Amino acid sequence: MTPHNNAKIGEIAKNVLMPGDPLRAKFIAETFLKNIKQVNSVRNMLAYTGTYKGKEITVMASGMGMPSIGIYSYELFKVYGVENIVRIGSAGAYVDKLDVYDVVLAESAWSQSTFAHTQNGYESDTTYPDKELNEKIIATAKKLGIPLHVEKIHSSDVFYTEPNVDSYKEHFAKHGCTCVEMESFALFHNAKVLGKKAACLLTISDSFTSHKVTTPEERQTAFTKMMEIALETFID
């Protein structure tokens, strides 16, 4: 056990789905998994282990932001022996081609964050998912007939910004980022440092261009396509 996770060694599967919201983790476990057992309750960062089509899978929340997913993903990889983490989260669209409920697979994560530099001196402003895991996700989405946008994403440390800093338009123009979330840069970095695999599937929850939004309830329970892609990827 760790200060942040009271699951016992062996209670967490090698493959983990990681939404940000603990209630989304609960929804996924209760909707898709069989024989579920809650294995973590520390800080209400809920984690459940069960089976999906006979394959053992854990669903654990990460909380919001890089410091939070940085702690939980590092411990899962380092302490609990997890091999693969697929983040399944929400994102805001920077471009018109992404609409609410579209599913995005991150091909890279650009960030202004100092997380990776502070963690081990990494100098780049971009981190990457595991190529093989991404290829499996793409193949699974195709098999399921679910359209998938493969995009460079922005991992931001800040949810609310002031007008004097770059806006979403500059983030797209300067860096090619088509949507924004707050965790993947750190997740990809931890996986690389520890020799593990990570990927990120996102559902567009709101748009900076069309101003469409989804409700908190929809974000918790309605983003099922990315959940299905991730689960099916783990059983292939």
Side-chain angles (χ1 to χ4, degrees), residues 12-34 36 47-62 69 73 76 82-93 95 97-109 127-153 155 178-185 187-188 191 196-207 214 218-236:
I12 292 179
K14 299 296 183 184
N15 298 313
V16 174
L17 268 65
M18 190 161 249
D21 182 0
L23 293 180
R24 190 184 298 156
K26 184 174 187 290
F27 170 80
I28 295 167
E30 293 177 347
T31 303
F32 293 101
L33 303 186
K34 294 182 178 179
I36 62 170
Y48 302 86
T49 296
T51 59
Y52 178 77
K53 297 185 178 180
K55 183 82 169 185
E56 187 179 58
I57 291 172
T58 295
V59 184
M60 182 174 182
S62 71
I69 199 171
S73 64
L76 289 174
V82 169
E83 294 296 330
N84 304 289
I85 295 177
V86 176
R87 163 165 155 70
I88 43 174
S90 58
V95 293
K97 73 173 182 177
L98 296 178
D99 200 0
V100 291
Y101 286 101
D102 282 352
V103 182
V104 173
L105 176 66
E107 62 88 9
S108 61
T127 60
Y128 299 88
D130 180 77
K131 183 178 179 181
E132 182 181 357
L133 185 54
N134 262 24
E135 288 173 351
K136 288 182 66 176
I137 289 170
I138 291 168
T140 300
K142 184 177 181 180
K143 182 179 71 174
L144 294 173
I146 299 174
L148 190 63
H149 299 263
V150 182
E151 305 288 341
K152 183 178 184 180
I153 67 170
S155 283
T178 61
C179 61
V180 60
E181 50 87 76
M182 302 184 71
E183 289 83 23
S184 294
F185 181 82
L187 173 63
F188 296 164
K196 306 290 186 167
K197 296 181 179 182
C200 175
L201 281 165
L202 301 166
T203 299
I204 300 300
S205 59
D206 56 281
S207 171
T214 55
E218 288 171 327
R219 298 178 193 209
Q220 181 181 317
T221 62
F223 294 173
T224 54
K225 289 182 180 178
M226 67 177 173
M227 301 172 191
E228 293 171 9
I229 294 170
L231 288 165
E232 290 290 330
T233 296
F234 283 149
I235 66 168
D236 284 344

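Heavy-atom basis, side chains included; hydrogens, waters and symmetry copies ignored. In this text the structure is predicted, and so the values were computed from the model without any measurement.
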Student: Stepwise, does the side chain to side chain contact (heavy atoms under 4.5 Å, CB included) test hold for Met60 with Thr49?
Tutor: CA-CA 9 Å; Met60 182 174 182; Thr49 296; over 6 Å; no
Student: Answer whether the closest heavy-atom distance between the side chains of Glu232 and Leu144 falls below 4.5 Å.
Tutor: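 A side-chain contact under 4.5 Å exists here.
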Student: Does Lys55 NZ have over 12 foreign heavy atoms under 6.0 Å away?
Tutor: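 No.
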Student: To the nearest 0.5 Å, what is the distance between CG (Leu133) and CD1 (Ile138)?
Tutor: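 Answer for the CG-CD1 pair, Leu133 versus Ile138, is 10.0 Å.
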Student: Look only at the side chain of Ser205 and the backbone of Ala91, and say whether a donor-acceptor pair between them is shorter than 3.5 Å.
Tutor: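 Present.
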Student: Counting only heavy atoms not in Lys143, do more than 12 fall under 6.0 Å of its NZ?
Tutor: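 More than 12 within 6.0 Å, yes.
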Student: So how far is it from Glu218 CD to Ser90 OG, rounded to the nearest 0.5 Å?
Tutor: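 Spacing of CD (Glu218) from OG (Ser90) equals 12.0 Å.
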Student: Compare all side-chain heavy atoms of Asn15 with those of Thr233 and state whether any distance is below 4.5 angstrom.
Tutor: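 Counting from C-beta outward, Asn15 and Thr233 never come under 4.5 Å.
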Student: Hey, does Leu201 have a side-chain heavy atom less than 4.5 Å from the side chain of Val103?
Tutor: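 Side chain of Val103 against side chain of Leu201, heavy atoms only: contact under 4.5 Å found.
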Student: Let me know which of Lys196, Lys197, Lys14 forms a salt bridge (Lys or Arg N to Asp or Glu O under 4.0 Å) with Glu83.
Tutor: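 Filter result, single survivor: Lys196.
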Student: What are the two closest non-hydrogen atoms of Ile12 and Val16, and how far apart are they?
Tutor: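 Minimum heavy-atom separation between Ile12 and Val16: CG2-CG2, 4.1 Å.
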Student: Checking Ser207 side chain against Asp99 main chain: does a donor-acceptor pair fall under 3.5 Å?
Tutor: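 Here the side-chain-to-backbone pair does not exist.
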Student: Where do Glu30 and Ile36 land on the side chain to side chain contact (heavy atoms under 4.5 Å, CB included) test, with the steps shown first?
Tutor: CA-CA 7 Å; Glu30 293 177 347; Ile36 62 170; 4.0 Å; yes
Student: Which heavy-atom pair separates Ala25 from Ala61 by the least distance, and what is that distance?
Tutor: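 That would be CB-N, 4.0 Å.
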Student: Looking at every non-hydrogen atom in both residues, tell me the closest pair between Leu187 and Ile85 and how far apart they are.
Tutor: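 In this case the closest contact between Leu187 and Ile85 is CD1-CG2, 4.0 Å.
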Student: Taking all non-hydrogen atoms of both residues into account, name the closest pair between Leu33 and Gly50 and its distance.
Tutor: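 Residues Leu33 and Gly50, closest heavy atoms: CD1-N, 4.0 Å.
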Student: Using side-chain heavy atoms (C-beta onward) and a distance below 4.5 Å, is Met18 in contact with Thr58?
Tutor: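 Heavy-atom side-chain distance check fails, nothing below 4.5 Å.
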Student: Go through it in stages, so that I can follow the logic: the residues are Leu17 and Tyr48, the test is side chain to side chain contact (heavy atoms under 4.5 Å, CB included), and I'd like the CA-CA distance, side-chain angles, deciding distance and then a yes or no.
Tutor: CA-CA 10 Å; Leu17 268 65; Tyr48 302 86; over 6 Å; no
Student: Hey, is the main chain of Ile88 close enough, under 3.5 Å, to the side chain of Arg24 for a donor-acceptor pair?
Tutor: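 Yes.
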Student: Are any non-hydrogen side-chain atoms of Leu105 and Ile229 less than 4.5 angstrom apart?
Tutor: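 No. Closest side-chain heavy atoms not under 4.5 Å.
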Student: Does Lys225 reach the side chain of Tyr101, with side-chain heavy atoms less than 4.5 Å apart?
Tutor: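 Side-chain contact under 4.5 Å: no.
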Student: Can you measure from NZ (Lys136) to CG (Asn84) and round to the nearest 0.5 angstrom?
Tutor: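 Rounded to the nearest 0.5 Å, the NZ-CG separation comes to 7.0 Å.
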Student: Check the surroundings of atom CD in Glu132: do more than 12 heavy atoms from other residues, nucleotides or ligands lie under 6.0 Å from it?
Tutor: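 Atom CD in Glu132 is not crowded, with 12 or fewer foreign heavy atoms closer than 6.0 Å.
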Student: Asn134 side chain to Ala199 main-chain N or O, any donor-acceptor pair under 3.5 Å?
Tutor: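 Checking the backbone N and O of Ala199 against the side chain of Asn134, no donor-acceptor pair under 3.5 Å is found.
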Student: Rounded to the nearest 0.5 Å, how far apart are CZ of Arg87 and CZ of Phe188?
Tutor: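 The CZ atom of Arg87 sits 9.0 Å away from the CZ atom of Phe188.
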Student: Nearest 0.5 Å, please: how far is CD1 in Ile146 from CD1 in Ile137?
Tutor: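 Result: 12.0 Å between the selected atoms.
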Student: Is the shortest heavy-atom distance from the side chain of Phe32 to the side chain of Val59 under 4.5 Å?
Tutor: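 Phe32 does not reach Val59 side chain to side chain.
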Student: Just so I know, are the side chains of Ile28 and Phe223 near enough to count as touching, which here means a heavy-atom distance under 4.5 Å?
Tutor: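 Result no, sub-4.5 Å side-chain heavy-atom pair not found.
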Student: Of the non-hydrogen atoms in Ala106 and Pro129, which two are nearest, and what is the gap between them?
Tutor: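 Distance-wise, the nearest heavy atoms are O-CG, 3.3 Å.
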Student: Return the minimal non-hydrogen interatomic distance between Glu181 and Cys200, and the atom names on each side.
Tutor: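 Looking at all heavy atoms of both residues, the closest pair is OE1-SG, 4.3 Å.
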Student: Using side chain to side chain contact (heavy atoms under 4.5 Å, CB included), reason through Asp206 and Arg219 one step at a time and then give a plain yes or no.
Tutor: CA-CA 10 Å; Asp206 56 281; Arg219 298 178 193 209; 3.8 Å; yes
